Number of protein chains: 2
Amino acid sequence: MSATFEPLPFAPGYRRVASEIAARILDRRLKVGEPLPPEAELATQFGVNRSTIREALRELESADLVARRRGTKRMVVARPAPTRVAGRLRQALALHDVSGREVWEMLEVLEPPAAESAAAARTPAALERIEAAVAAYHADHRDARRAVDGVAEFFRAVAAATGNQVLPLMQEPLLQLLAAALRVLIDAAPPARARIATAQHEICAAIGARDGALARTWMTRHVRDFRRGFEICGIDLDSPVPFA
Amino acid sequence: MSATFEPLPFAPGYRRVASEIAARILDRRLKVGEPLPPEAELATQFGVNRSTIREALRELESADLVARRRGTKRMVVARPAPTRVAGRLRQALALHDVSGREVWEMLEVLEPPAAESAAAARTPAALERIEAAVAAYHADHRDARRAVDGVAEFFRAVAAATGNQVLPLMQEPLLQLLAAALRVLIDAAPPARARIATAQHEICAAIGARDGALARTWMTRHVRDFRRGFEICGIDLDSPVPFA
DNA sequence: ATAGTATGATTGTCCGACAATCAGGCGGTC
DNA sequence: GACCGCCTGATTGTCGGACAATCATACTAT
């Protein structure tokens with residue numbers, strides 16, 4: 001039996017500094033919004049050079065654990081905004097050559113329960129957001145870009161209405177990937193726009209009436225429609241989604 | 001009507017450099033595995049100082065777009081591994097004070113369709129992984145830590161069997177958050193271990209028999225069991241999950 | 001109260017330097 | 001030929017210092 005050893009855990013200074021600060025943020029000893037000490041002070045506190053501190057700060061900045069308010073110098077502790085996290089996730093998915101089918105399958109899993117849950121949990125304000133999204137889409141779904149944005153906003157509004165914070169976070173990268181494909185579809189298949197409008201309207205009404213089953217049924221149909229649209233347009237669901 | 005202006009888009013050098021390199025990675029002009037030029041050369045190419053390059057590299061490193069093989073100096077283009085992305089996501093969720101209920105709701109949404117899909121799409125190899133996970137859990141679910149790992153591995157194996165790359169990515173952060181709570185539960189509620197073993201066995205058998213409906217049914221029960229376990233243990237589902 | 005001004009603090013970027021260590025070649029030993 | 005130690009160059013990690021640009025603040029003048 002040969003003795004096996006773990007590799008020695010050594011990390012360069014900038015990484016250790018970053019981990020140290022990140023740990024303090026995660027265990028709430030540094031609160032969100034609190035300004036970070038200036039680089040020079042961090043350097044003396046950690047006993048390293050300012051360059052090292054700066055490299056650590058870039059890591060934290062990239063992880064969205066610290067940020068800078070527009071036009072200010074001092075960095076403040078932040079928490080990753082859903083859209084930023086989603087952007088990272090989308091990047092990762094794109095680099096893994098995720099196919100349109102995979103994205104669509106996930107939407108098929110997530111959205112119907114989301115609609116059902118939204119019917120049960122919606123607040124008046126959340127319903128208003130959904131209604132606004134439906135109205136906005138109905139108003140100007142001529143312009144392809146606005147239409148695509150409208151579709152995404154509708155899904156976001158429904159997800160927000162569930163009151164579950166995790167759902168929007170998982171949904172967002174899918175929407176971003178869907179958007180790329182949708183831009184093609186929405187130009188090529190005019191009837192799709194009307195079908196989308198109808199589905200949105202019905203889902204919105206069902207959520208308003210707190211009819212979870214109906215909301216789910218329409219949402220299932222709505223999501224399935226996208227797939228049909230892609231097939232009609234000749235978009236290959238098994239090829240990687242276009243990176244954006 | 002007052003004229004409104006957008007804020008001037010200015011980014012410091014290290015960020016522009018990072019974006020530039022990131023763009024080349026995302027559009028595949030830099031391929032995964034390809035070594036990056038040395039810092040000094042990047043500095044001359046971009047016409048900036050090496051310190052600036054290094055700060056940019058720290059950003060990319062934190063985004064997992066570049067990495068270093070163990071014990072080497074040169075950086076290579078990488079793509080974010082699912083576990084790394086999941087770690088980021090978990091961080092974000094923890095900082096947003098996600099509750100146990102929210103995590104559990106998402107599992108309730110994701111897992112049953114995953115089991116159903118796995119029954120249809122599983123390969124022999126994927127089934128073997130599931131069976132191995134079940135066997136491993138059965139073998140040593142005495143040790144609490146191993147038991148928790150076993151539960152997570154079972155879910156991972158099922159998700160992998162669906163052939164959908166996105167699912168493991170979305171599931172992973174939930175599992176990581178679940179694990180923290182599970183460590184408490186599994187010590188406090190001995191009967192839970194047996195129930196888990198039974199459910200795993202049934203789900204595995206159903207997937208092996210390609211019985212999607214049955215797999216889904218058992219998975220639904222399995223996930224619901226966790227909630228019951230938490231309630232029995234007196235874990236408050238509406239309080240934030242313990243950060244890990 | 002508002003607008004201008006002076007002052008200090010802080011960041012972004014640069015330069016140069018050096019130790020540590022990794023990659024690859026070279027020769028020696030078996 | 002395979003393995004070992006050794007040397008050399010390349011590359012990274014870290015340091016110290018420097019300076020301009022810009023932000024924060026207090027103070028002043030209108």
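Computed from a prediction, not measured in an experiment: that's the story for all the values here. The chains referred to below are lettered A, B, ... by the order of the sequence lines, with proteins before strands, and numbering in each begins at 1.
- Closest to the A/Lys73 side chain, of the nucleotides D/dC15, D/dC23, D/dG13, is D/dC23.
- Rounding to whole angstrom units, CD1 of residue B/Ile53 and P of D/dG13 are separated by 14 Å.
- Nucleic acid contact class of B/Arg68 (heavy atoms, under 4.0 Å, all strands): sugar-phosphate only.
- Put simply, the side chain of B/Arg50 and the base of D/dT14 share a donor and an acceptor less than 3.5 Å apart.
- Note that the CD atom of B/Glu111 and the CZ atom of B/Phe154 stand 9.0 Å from one another [nearest 0.5 Å].
- Within 6.0 Å of atom CZ in B/Arg68, more than 12 heavy atoms from other residues, nucleotides or ligands are found, so the atom counts as buried in its surroundings.
- In this structure the side chain of A/Met75 reaches within 4.5 angstrom of the side chain of A/Leu57, judged on heavy atoms.
- A salt bridge is defined here as a Lys NZ or Arg NE, NH1 or NH2 lying under 4.0 Å from an Asp or Glu carboxylate O, and B/Arg156 with B/Asp149 fails to meet this definition.
- Rounded to an integer number of Å, the gap from B/Leu42 CG to D/dA10 P is 17 Å.
- An OP1 or OP2 oxygen of D/dT14 is reached within less than 4.0 angstrom by no side-chain nitrogen or oxygen of A/Asn49.
- Taking for each of B/Glu39 and A/Val48 the nucleotide of DNA chain D with the nearest heavy atom, the 5'-most of the two is the partner of B/Glu39.
- A salt bridge links A/Glu61 with B/Arg15: at least one charged nitrogen is closer than 4.0 Å to a carboxylate oxygen.
- A 4.0 Å heavy-atom criterion places the boundary nucleotides of DNA chain C facing chain B at C/dG12 to C/dA23, written 5' to 3'.
- The closest side-chain donor-acceptor pair between A/Ser51 and A/Asn49 falls under 3.5 angstrom.
- Residue A/Arg70 has no polar side-chain atom (N or O) positioned under 4.0 Å from OP1 or OP2 of D/dC23.
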